[in-house]
There are 2 protein chains.
Amino acid sequence: MKNITIADVASQAKVSKSTVSQYLNKRYEYMSESTRQKIEQTIKELNYHPNIVARSLKQKSTYTVGVIVANILHTFSTQIIRAIENYFHQHGFHIIVCNADDEPEKERNYIEMLMAKQVDGIIIFPTGGNIDLYKSMIKKEFPIVFMDRTIDELEIPTVMLDNIQASTLAVDRLVESGYSRIAIVTTSIIRNISPRVERIQGYKLALEQHQLPVQSIYIKTPEVDQIEEALDELFKQGKPPQAIIAGNDRVLIDVLKYIKQHNLKIPSEIAVIGIDEVSFASFFTPPITTISQPAIDMANLAVDLLLKQIKGADSADEKKVYRLQASLNERESC
Amino acid sequence: MKNITIADVASQAKVSKSTVSQYLNKRYEYMSESTRQKIEQTIKELNYHPNIVARSLKQKSTYTVGVIVANILHTFSTQIIRAIENYFHQHGFHIIVCNADDEPEKERNYIEMLMAKQVDGIIIFPTGGNIDLYKSMIKKEFPIVFMDRTIDELEIPTVMLDNIQASTLAVDRLVESGYSRIAIVTTSIIRNISPRVERIQGYKLALEQHQLPVQSIYIKTPEVDQIEEALDELFKQGKPPQAIIAGNDRVLIDVLKYIKQHNLKIPSEIAVIGIDEVSFASFFTPPITTISQPAIDMANLAVDLLLKQIKGADSADEKKVYRLQASLNERESC
DNA sequence: CTGTTAGCGCCTTCAT
DNA sequence: ATGAAGGCGCTAACAG
């Protein structure tokens, strides 16, 4: 019942292990037609499959990459995982999926395990809590690509949304519809998570461009479990907002729940626009205007950047941050 | 710049490789306190991390398992992936995620690659198109667990929903509300995908129990891209249904789109109930009654079953099919 | 307690 | 065109 190895094939086919190895690596020039066929046949007979672990040990390449998402609960993360898996599969790579759960500890643990497992590279949604580790990886020239979030001080290729443009899109749309008291709600920014910070920044810039006042009472950045309270504060003040920008899909869901509970009319009583597309946007009542990220393009770009590093291309553009454009899905909620 | 190995640590610490290996495997009884400390220190100095590929080659265990989902687009799949990743992580395992895309070819390819990579086991949402392969895996005693779908003829532990109970729950609820013309829509059953077949079967049984006629015009099993047409047929006949059961989340979305487009009122003109919970159910207008699967329990059970096989426990219950209970989320759409 | 030795399964010069 | 031999990094007897 033991595993069959290259040696079994060799003895069965009456050739040496190295010849079989040549065959496995498709270097057919190094053997006669007859031995080639004999090997092919015995491989089939024995139902032999090369042991990739052994090959990896020798070749220092596992054809496996790690993907560490900051929080797998975001729709965006799962979209990206899908797309990355799909594109890597086309290149013959497997992916190991890890969820850091927004905890730097977990992230560090995963990174170390993945490297110990000799993965060929990692795509990370960085928590931002392991700068030293990232640095040591750079120094080792270990292939990495950051996704969704950037760490300014590091020269790591990064794929992210043009968040400024995304919130500008939202504000422009809202202003166009005549709203001036516009609020934005994102989840906590205490750890400087770049998309959130940048979306707020873009919101401010856009308001200024429209000569509208930026008021801190209209900017809320609660923890995920306190979004309801934040919305309460927003609405229970003298001048409640006319429109609200949900900084991501989880916030949007809480916003819509709140609106439902309080029986508010969209958009007449409160206009809504969400960053991140959601499954129900088109058939909600009313259909929700959203701003979507080009998840597939982002995933493919990240994969390309990682593969380039894995294949050892020169690191000419190592420090580049790629910001892809968001797009507006005009519907009827604002 | 070369990788540091156990040999480097050994020479640096002036001990032999095997002692270092003992240390790595925490068999501290086999060395003096002083050498233990010396090793510990040099490992830190050198920033040494054991090469897991080499260890795996020796030990025949990679602490990695594969998860092949039939179709990663279903919410259920991503829920399961999350839960499995989480639970395996607690056991020190990594998961390689694969998406078979409902194509047996792809599934076969993945299974073979995963086995070549020496994963310790696989959790599969079987497409059903590779019976011979499944059989050969059983014969090799390779650890497998099936998820969501069963293949009758095979003795593989399987975790799935009690689909009969799930649709009974739906029908009961609908009948209770006074509907008698009840339709069910699932995606294609040409390949005998068990959840779909069973949900329809449960629907029929439940109708019979309520002494209601089972009419084939109320049972639709279109391909995913033809759900709209199927709904058209359903509604454009003499006796359109009063209520509709959506067989899964993707169908539910199409049903709701259709209802929106045709301006039907829920539940007065058409009642709706969906199998699979969806993110928007609670704040939709009206809130959608759904039947949800205990995804986390299912995932944990599957992991436990796989780990038991990996750890080589006796295969007493190898052939068991575990069917977990669905639960009703009563809301206002029926 | 510690070191020596022999693999795990494959790839890769280097001879033949 | 084919084979022999060494080594990838680690583990596990078995000696000492």
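Atoms considered below: every heavy atom in the structure, side chains included; atoms not considered: hydrogens, waters and symmetry mates. The structure displayed is predicted, hence computed values, not measured ones.
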- Task: Rounded off to whole Å, could you give me the CZ-to-C1' distance for the B/R27 and C/dC1 pair?
- Result: 14 Å
- Just checking A/T35: base, sugar-phosphate only, or nothing, at a heavy-atom cut-off of under 4.0 Å? sugar-phosphate
- Item | Nearest-angstrom distance from the residue atom NZ of A/K58 to C1' of D/dA5 | 11 Å
- Message: Whole angstroms only, please: what is the CD-P distance between B/Q37 and C/dC1?
- Response: 14 Å
- A/T19 side chain N/O closer than 4.0 Å to the phosphate oxygens (OP1, OP2) of D/dT2? no
- Item | Side-chain N or O of A/S16 closer than 4.0 Å to phosphate OP1/OP2 of D/dG3 | yes
- Query: B/N25 side chain N/O closer than 4.0 Å to the phosphate oxygens (OP1, OP2) of D/dT11?
  - Reply: yes
- Roughly how far, to the nearest 0.5 Å, is CZ of A/R108 from OH of A/Y134? 9.5 Å
- Query: Between D/dA1 atom P and A/R36 atom CZ, what is the distance in whole Å?
  - Reply: 14 Å
- Heavy atoms under 4.0 Å, any strand shown: does B/Y23 hit a base, just sugar-phosphate, or nothing? nothing
- First locate atom CD1 of B/I122, then atom CE of B/M137, and finally report the distance between them rounded to the nearest 0.5 Å. 4.0 Å
- Pick base, sugar-phosphate or nothing for A/K60, based on heavy-atom distances below 4.0 Å to the nucleic acid. sugar-phosphate
- Sorted by position of nearest nucleotide on DNA chain D, 5' first, the leading residue of A/E33 and A/K17 is A/E33
- B/Y48 side-chain proximity, nearest of C/dC10, D/dC10, D/dT2: D/dC10
- Give one of base, sugar-phosphate or nothing for A/V53, where a contact means two heavy atoms less than 4.0 Å apart. nothing
- Length of the line joining A/L46:CG and C/dG9:P, which is rounded to integer Å: 14 Å
- Length of the CD1-P vector between B/I39 and D/dC10, whole Å: 13 Å
- Message: Using modelled atom types and a 3.5 Å cut-off, is there a donor and acceptor pairing between side-chain atoms of B/N99 and backbone atoms of B/I72?
- Response: yes
- Note on the structure: Side-chain atoms of A/L24 come closest, of C/dC11, D/dT2, D/dC10, to C/dC11
- Does a side-chain N or O from A/T5 land closer than 4.0 Å to OP1 or OP2 of C/dC8, or not? no
- Checking only heavy atoms, does the side chain of A/S18 share a donor-acceptor pair with the base of D/dA5 at less than 3.5 Å? no
- Note on the structure: In whole angstroms, the gap separating C1' of D/dT11 from CD of B/Q22 amounts to 9 Å
- Note on the structure: Here the gap from A/T127 atom OG1 to A/I68 atom CD1, rounded to the nearest 0.5 Å, amounts to 9.0 Å
- Grab the NE2-P distance between B/H49 and D/dG9 for me, whole Å please. 16 Å
- Message: Closer than 3.5 angstrom, by distance alone: can the side chain of A/S77 be matched with the main-chain N or O of A/T75 as a donor-acceptor pair?
- Response: no
